[in-house]
Amino acid sequence: MSRLDNIINTTGLHSDAELQKQNNQVPETSKEPLQRYLLHLFAAIGMSLLLFWGAWLRYLAVAATESSEPTRYRCYAVAFWKGISRVSPGCSFIKMNTSAAVLIHQMQLWGFPGFLVKLVEFQSSTSPLHALPHEYPLLAIIPFTLVAFVSTKWYFVAFAIMMACVAGVVYFLLKRHKATGAALAFAFYLVIGSWATALARFDLIPAALTIGTVILAERAKWRWAFALLALATLLKFYALVLILPIFIAQQRQFGGSKWYARHRWDGIMMFVFVCMVMTVFSLVLSVDGTLGPLSYFSDRPIQVESFPAGVLWIASFIGYSLGFDYSFGSGNVLSPVSSQVSLAFTLCFILGLLAVYWLQWRGRLSLALTCLLTLLVVIVTGKVFSPQYLIWVTPFVAYVGKSNWKWLVSWGSVGLLTTFIYPHIYTVASATPGVISVGQVPEFYPSVLARGFLILAIIGFIYWMNGDGEKLPGIQENLPLTQIRL
């Protein structure tokens, strides 16, 4: 009878009441993840709308001329697939910069074999598949082409939507693999510092690949990490500077194994393989177009918005005149001491990177913080500083600092100064009669110098706080925010 009572007690009214109570509670618990997901979705959509607003205002300001980056991207796509003879009149910059005559002449002077000279002659940019972008590697054609099926007047909208999707991917990537604070910080930094550039440039794609590289490397998936880094490098060359931090992290993990062990070199071999395959393919299409970006950057003068340009502006007060010109798609500065300043910043670039790599090798820096410092050194010492360069750094700042107020204040200030410079001061300069360069606006160089010194302060503070600290945990450990010193 007691057994029957037990059965009745477990199936009777009391049990039904408990089951009903449990059933009523299930939807409440299941709604919580859904609500959080919807909140993050709304945050990502809000971020995208704000970024589209900024990019659209700037797009209208330049009246969709060749000064607009999306317009240039479409020109590159049309020139590559159809030849430069099929591009519109607004793409005249391609015709002016796509000529292999100088390269052919140099090859003949250097005594290259005749079949190589004929190969270059055969690769006429007027034919399809031979006109490569003169400032980007071949792989950049892919994002330019993905939305090229739309008409010219809708290309910007389609391209901005594609970049908004990439920004959303990075947002949820940070949320999943780091923290909610990192995702929200990414949205904040992107809106504050890249309001007019995030959706009008393709830099979000290599930025997504590089932060993906770090996430994979922290999980010791080295071959995939180096493959993503290779793709990022083949989109924009800046990512190449991250190869040493990733390689050092791999070597430190396998420090106990023999130096020639395959697992110590399989990542770098993957990187070389991917780069070699794409480079050979690019050379087959156009030798001039493949080598063009290298000479493009080496020949560029000091760009008007760079930190070295601010130093030249200071030098103008002690007798060294400052001139302006427009070349290589940007405003530049000319000064009698340009070469000396450029050399000094090149030395700072080398020494800064060596210091970062040394701290990482000694175990004083995490991989993500090393990559962040590397990029900061690159952008503050380089002779070119375009506003979209902040996009390269933003995912790493969010990944390292998350919602730490020190990072929000410091890097938020860098972002505000960048947005003040571009598009605000650029718009003022274009609307002011007699102004031929943005560098002539009184507020411009104080803002450039303030931004540069703020980035230097961030770099120096991280050096100081981590130079003599305790060794950080291994590569696969997630470091708490208190161990990342800023």
Side-chain angles (χ1 to χ4, degrees), residues 35-64 67-71 73 143 147 150 153-176 178-208 211 305 386-399 401-405 407-428 430 447 451:
Q35 290 174 349
R36 287 197 297 266
Y37 175 80
L38 290 176
L39 286 175
H40 284 291
L41 185 62
F42 289 147
I45 292 174
M47 171 189 68
S48 300
L49 290 176
L50 289 172
L51 293 174
F52 184 84
W53 178 36
W56 178 249
L57 290 178
R58 185 59 190 171
Y59 180 74
L60 294 178
V62 298
S67 298
S68 167
E69 287 299 318
T71 303
Y73 295 163
V147 291
V150 301
K153 66 178 182 179
W154 287 105
Y155 184 83
F156 168 80
V157 176
F159 187 85
I161 292 174
M162 180 175 65
M163 289 300 102
C165 292
V166 176
V169 169
V170 176
Y171 178 93
F172 284 102
L173 195 67
L174 291 172
K175 177 189 176 299
R176 177 179 176 84
K178 195 61 178 179
T180 295
L184 294 175
F186 170 74
F188 171 75
Y189 295 137
L190 204 61
V191 171
I192 291 294
S194 305
W195 182 58
T197 56
L199 302 190
R201 308 289 195 275
F202 75 102
D203 296 73
L204 272 169
I205 299 177
I211 194 64
E305 201 175 329
S386 295
Q388 68 265 25
Y389 288 4
L390 259 64
I391 301 173
W392 307 348
V393 184
T394 296
F396 290 93
V397 177
Y399 193 83
K402 295 185 283 191
S403 56
N404 188 324
W405 69 269
W407 280 108
L408 292 174
V409 172
S410 59
W411 194 252
S413 300
V414 172
L416 284 174
L417 285 169
T418 301
T419 299
F420 179 69
I421 294 170
Y422 183 91
H424 175 69
I425 296 182
Y426 275 78
T427 303
V428 172
S430 61
S447 301
R451 179 181 63 186

Got a second to check how far [X]'s [atom1] is from [Y]'s [atom2], nearest 0.5 Å?
{"X": "Ser68", "Y": "Tyr155", "atom1": "OG", "atom2": "OH", "value": "10.0 Å"}
{"X": "Trp53", "Y": "Leu50", "atom1": "CH2", "atom2": "CG", "value": "7.5 Å"}
{"X": "Ser403", "Y": "Phe188", "atom1": "OG", "atom2": "CZ", "value": "12.0 Å"}
{"X": "Gln35", "Y": "Leu38", "atom1": "CD", "atom2": "CG", "value": "8.0 Å"}
{"X": "Trp56", "Y": "Leu51", "atom1": "CH2", "atom2": "CG", "value": "15.5 Å"}

[X] to [Y] - nearest heavy-atom pair and separation:
{"X": "Leu199", "Y": "Ala164", "result": "CD2-N, 3.5 Å"}
{"X": "Arg451", "Y": "Val414", "result": "CG-CG1, 4.0 Å"}
{"X": "Phe156", "Y": "Pro70", "result": "CD1-CG, 3.5 Å"}
{"X": "Met163", "Y": "Ala198", "result": "CB-O, 4.0 Å"}
{"X": "Tyr426", "Y": "Ile421", "result": "CD1-O, 3.1 Å"}
{"X": "Leu390", "Y": "Thr418", "result": "CD2-OG1, 3.4 Å"}

Within-4.5 Å side-chain heavy-atom neighbours: [X] and [Y]:
{"X": "His40", "Y": "Tyr37", "answer": "no"}
{"X": "Leu174", "Y": "Ile211", "answer": "yes"}
{"X": "Trp195", "Y": "Leu57", "answer": "yes"}
{"X": "Val393", "Y": "Trp411", "answer": "yes"}
{"X": "Phe52", "Y": "Leu49", "answer": "no"}
{"X": "Met47", "Y": "Leu190", "answer": "yes"}
{"X": "Val150", "Y": "Phe159", "answer": "no"}
{"X": "Ser447", "Y": "Ile425", "answer": "yes"}

TODO: Check whether the side chains of Arg201 and Tyr73 place a donor and an acceptor atom closer than 3.5 Å, and report yes or no.
DONE: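 No.
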
- [ ] Would you check if there is a donor-acceptor pair between the side chains of Tyr422 and Gln388 at a distance under 3.5 Å?
- [x]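 Per modelled atom types, Gln388 and Tyr422 side chains form no pair under 3.5 Å.
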
Open item on the list: Tell me if a side-chain donor or acceptor on Thr419 pairs with a main-chain N or O of Leu416 at a distance below 3.5 Å.
Closed with: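 No, because the side chain of Thr419 does not come within donor-acceptor range (under 3.5 Å) of the backbone of Leu416.
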
Task: Between Tyr171 and Phe186, ring centroids under 6.0 Å - done: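 No, too far apart.
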
- [ ] Kindly say whether the aromatic ring centers of Tyr189 and Trp407 come within a distance under 6.0 Å.
- [x]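 Between Trp407 and Tyr189, which both carry aromatic rings, the centre distance is not below 6.0 Å.
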
Open item on the list: Can you tell whether the side chains of Glu69 and Arg58 come within less than 4.0 Å, N to carboxylate O?
Closed with: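 Arg58 and Glu69: not salt-bridged.
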
